[in-house]
Amino acid sequence: MIRKLFFYVALLLVAISTAQNTNKMASEYFDVVRAEFIGDQAYKTTEFVAQYWRVVGNTGFNKSIYHIAEGLERAGYVLESDALEYNKLTYRIEKRPMKKPTWETVSSSLTIVGQDSPILESATNRNMTYLNSISTPKGGVTAEVVYIKDKKSLEKTDIKGKVIFAEMSPYTLYKTAMKKGAVGMLTYDMPDYLQPEKNITSIQFRSIPYNEKNLWGIALSYQAKEKLKKELDKGTVNVKAVINTKIYPSEELTIVADIKGDVNPNERLVFSAHVQEPGANDNASGVGVQLEMAQIAAKFIKDKTVKLDRTLTFLWGDEIVSTRRYIQEDSIRASNIKWGISLDMVGENTAITGGSFLIEKMPDPSAIWTRGNDKHSEWGGRPLKLKDMKPHYLNDFIINIFEEQGKFANWEVNTNPFEGGSDHTPFLRADIPGLLLWHFTDQFYHTDNDRIDKVSQETLKNVGIGALTSAFSLLNSDATAALTELENIKSRAEKRLKAEFLLSQQAVKEGDDLNVEIKILNAWNDWYQKTFDSLRDMAYEPNEDLNRAINKAKDKLTKQTEKYIKSLK
């Protein structure tokens with residue numbers, strides 16, 4: 001008994017000592033990163049990238065890639081093909097032929113015949129032309145507008161030689177419209193969270209699949225849609241559309257930068273920021289933050305302010321496609337990716353755009369039973385199943401770091417259950433821990449009003465500080481760090497289980513199925529049991545102190561769960 005007592009006292013002292021040491025280390029990372037990360041380079045890069053309408057292979061996309069390369073070279077990164085063995089900072093630009101041509105718009109306008117000025121011009125509404133739309137003949141096209149109520153009425157209406165106008169996605173119409181001989185399409189399709197009656201000039205970009213014989217198409221703002229409908233109420237309406245686009249063969253570019261680790265360079269953390277999409281926040285902001293992170297990390301390595309045990313990788317490319325390929329094309333490399341983090345829409349001035357900064361968690365039970373303080377964004381997410389869960393310490397680790405930065409900077413940090421749709425999903429599909437840093441709701445999301453005036457340098461700075469501090473802490477983590485992180489996760493697990501118990505208790509009182517509530521509590525217990533186990537991954541080799549501490553934490557949580565379930569019954 002006395003020997004056991006001595007063991008637990010010793011273990012407690014180790015845990016306390018560990019917490020103090022690791023917290024000091026994390027605090028030091030915060031101190032050095034905060035002193036250097038101003039957000040000015042992130043903002044300048046965001047501004048540069050945001051000036052272009054970017055799709056893979058086009059002028060704006062490629063100029064953005066080479067702008068990133070220039071920024072990396074200024075920071076000391078060496079082109080991989082020229083690097084020597086001692087070069088820790090390297091980068092490469094991967095080039096691949098595209099199966100389909102790229103696309104960009106040059107100019108567009110839409111005028112109601114008889115009116116003096118256009119109702120839309122690309123100079124002010126650069127999203128007005130569908131991605132993959134062809135050009136009109138030189139001088140434009142003038143034709144009668146036919147309003148289409150739904151797809152069924154399109155089948156019955158004579159549209160040959162006419163322009164169809166519908167309040168729905170162009171995807172649902174374009175095949176039939178082409179088949180029946182329409183010369184062009186006008187559509188309006190704006191979700192309510194974009195507040196179109198307030199943001200009357202906003203157009204959310206739309207696309208149609210590439211086809212050599214495509215028709216041309218224009219997406220309408222709320223203001224333009226209302227003007228057109230008003231004229232149609234009076235009688236026959238003709239419009240003149242002038243569209244000039246470029247469709248041409250190109251190559252896909254991806255840029256990858258590495259800071260080689262000193263102890264285990266094969267293991268790595270990968271940050272991914274996609275370049276395509278035409279907005280400032282989406283996703284020029286992710287490109288900008290990631291570049292300043294890469295530049296500052298390089299400075300710290302060169303002046304020996306920070307040393308990295310594992311490799312830090314930055315990837316810029318085509319959303320999901322580039323990240324998925326980075327994982328799939330090298331199975332050995334993929335097996336050593338320990339963490340993946342997506343930077344997407346990370347620079348918002350939330351006073352203008354709305355919403356807040358969010359950490360989209362890896363799949364946990366809140367993505368099955370979304371209740372209490374958990375809530376999905378307007379992006380939405382399908383309910384997951386227990387087999388979809390991804391228990392791992394990365395969730396609570398990142399949340400803890402960002403909450404600390406939030407307290408320091410008086411900056412709001414929230415979370416949302418897993419929804420998918422960005423560069424964190426390829427990591428998760430490959431069973432690599434991955435999550436998303438982003439903002440939502442954004443009333444300018446995917447619209448041509450997502451411009452640099454909606455971006456906050458302060459937000460760019462806060463995200464960059466949190467992300468880079470997280471990276472340094474993870475890349476240098478070991479058994480000592482794992483013991484400290486165990487204390488963080490134990491606390492969060494106990495709080496979560498208590499919160500879920502109180503919700504279940506109320507649900508049972510209100511007549512909900514007891515078995516379902518027990519299932520929820522067991523799901524959270526199971527998720528955290530496996531999360532505790534995942535902390536062993538931080539250590540380079542098996543550690544008995546860590547194993548004992550994990551087993552003790554698991555046992556305590558199991559007993560807490562059993563107590564709550566007994567109380568429910």
Side-chain angles (χ1 to χ4, degrees), residues 53 55 58 103-149 151 154 157 159-178 180-191 194 196 199-211 213-232 236-247 277-279 446-450:
W53 207 106
V55 67
N58 78 357
W103 179 94
E104 61 189 81
T105 181
V106 179
S107 62
S108 302
S109 67
L110 179 68
T111 306
I112 296 174
V113 174
Q115 296 189 358
D116 295 332
S117 56
I119 60 171
L120 285 177
E121 292 183 281
S122 57
T124 52
N125 284 100
R126 65 180 188 174
N127 283 1
M128 64 179 285
T129 311
Y130 299 160
L131 170 62
N132 292 322
S133 169
I134 62 171
S135 300
T136 58
K138 191 174 181 180
V141 169
T142 300
E144 181 184 347
V145 176
V146 178
Y147 182 78
I148 302 298
K149 184 178 179 181
K151 192 174 181 181
L154 176 60
T157 306
I159 59 171
K160 188 173 183 179
K162 298 177 182 178
V163 176
I164 65 170
F165 166 39
E167 296 180 68
M168 63 186 79
S169 165
Y171 256 79
T172 63
L173 302 171
Y174 87 100
K175 284 186 177 179
T176 304
M178 287 179 63
K180 298 194 68 176
V183 295
M185 295 174 57
L186 308 174
T187 58
Y188 173 81
D189 181 27
M190 293 278 284
L194 295 179
N199 302 312
I200 60 174
T201 65
S202 285
I203 298 177
Q204 193 170 53
F205 78 84
R206 292 290 178 253
S207 64
I208 51 178
Y210 169 72
N211 186 317
K213 298 179 181 179
N214 257 353
L215 41 71
W216 56 263
I218 290 174
L220 302 175
S221 65
Y222 179 85
Q223 183 181 65
K225 180 259 297 186
E226 289 296 300
K227 285 182 179 179
L228 187 55
K229 289 182 75 173
K230 185 177 179 180
E231 292 302 312
L232 283 168
T236 301
V237 174
N238 290 280
V239 294
K240 181 179 181 180
V242 182
I243 298 175
N244 184 7
T245 64
K246 291 182 179 180
I247 301 176
E277 291 190 327
H446 275 185
T447 76
D448 39 24
N449 278 318
D450 178 11

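Separation of atoms OG1 (T157) and NZ (K149) is listed at 11.5 Å; rounding is to 0.5 Å. A distance of 10.5 Å separates OG of S133 from CG of N244, quoted to the nearest 0.5 Å. The line from OH of Y188 to OG of S169 is 14.0 Å long, rounded to the nearest 0.5 Å. For the atom pair CE of M185 and CD1 of I164, the computed distance is 4.5 Å after rounding to the nearest 0.5 Å. Separation of atoms CE (M178) and CD1 (I208) is listed at 7.5 Å; rounding is to 0.5 Å. Rounded to the nearest 0.5 Å, atoms OG1 (T447) and CZ (R126) are 10.0 Å apart.
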Show your reasoning for whether side chain to side chain contact (heavy atoms under 4.5 Å, CB included) applies to T201 and D448.
CA-CA 9 Å; T201 65; D448 39 24; 5.9 Å; no
With side chain to side chain contact (heavy atoms under 4.5 Å, CB included) as the criterion, how do V55 and E104 come out once you've worked through the C-alpha distance, each side chain's angles and the decisive distance to 0.1 Å?
CA-CA 8 Å; V55 67; E104 61 189 81; 5.8 Å; no
Hey, mind stepping through K151 and T176 against side chain to side chain contact (heavy atoms under 4.5 Å, CB included) and telling me if it holds?
CA-CA 9 Å; K151 192 174 181 181; T176 304; 4.2 Å; yes
Worked check of salt bridge (Lys or Arg N to Asp or Glu O under 4.0 Å) between E167 and K229:
CA-CA 11 Å; E167 296 180 68; K229 289 182 75 173; 3.0 Å; yes
What do the steps show when you test F165 against V239 for side chain to side chain contact (heavy atoms under 4.5 Å, CB included), and what is the final call?
CA-CA 11 Å; F165 166 39; V239 294; over 6 Å; no
Determine, stepwise, if the pair T245 / T105 fulfils side-chain hydrogen bond (donor to acceptor under 3.5 Å, both in side chains).
CA-CA 4 Å; T245 64; T105 181; over 6 Å; no
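Pairing each heavy atom of L186 with each of W216, the nearest pair is CD2-CZ3, 4.2 Å. The two residues L173 and A166 have their closest heavy-atom pair at CD1-CB, 3.4 Å. Of all heavy-atom pairs between A241 and I218, the closest is CB-CD1, 4.2 Å. In terms of heavy atoms, S221 sits closest to I203 at N-CG1, 3.5 Å. The two residues A143 and V183 make their nearest non-hydrogen contact at CB-CG2, 4.0 Å. Across all non-hydrogen atoms, the minimal contact from L120 to M128 is CB-CE, 3.8 Å.
With contacts defined as side-chain heavy-atom distances shorter than 4.5 Å, the pair I119/I112 qualifies. L110 has its side chain within reach of L220: a pair of non-hydrogen atoms, C-beta onward, lies under 4.5 Å apart. By the 4.5 Å heavy-atom criterion applied to side chains, T142 and V113 are counted as neighbours. Considering only heavy atoms from C-beta on, N127 stays 4.5 Å or farther from Q204 through its side chain.
A search for salt bridge (Lys or Arg N to Asp or Glu O under 4.0 Å) contacts involving E231 returns K234, not counting sequence neighbours. In terms of the ring-ring contact (aromatic ring centres under 6.0 Å, His included) criterion, Y222 has no residue partners (sequence neighbours excluded).
One side chain, S202 or N449, offers a donor N or O that lies under 3.5 Å from an acceptor on the other. For the residue pair Y130 and T187, a side-chain donor N or O sits within less than 3.5 Å of a side-chain acceptor on the partner.
Counting heavy atoms of neighbouring residues, nucleotides and ligands inside a 6.0 Å radius, atom NZ of K180 exceeds 12 of them.
Without hydrogens or angle criteria, N199 side chain to L194 main chain gives a donor-acceptor distance under 3.5 Å. At least one donor-acceptor pair closer than 3.5 Å links the side chain of N238 to the backbone N or O of E144. Within the 3.5 Å criterion, the main-chain N or O of D189 finds a donor-acceptor partner in the side chain of R206.
A perpendicular orientation is assigned to the rings of W53 and W103, their planes being inclined by more than 60° (bins at 30° and 60°).
Legend: salt bridge (Lys or Arg N to Asp or Glu O under 4.0 Å) pairs involving residues 112-121, not counting sequence neighbours: none detected.
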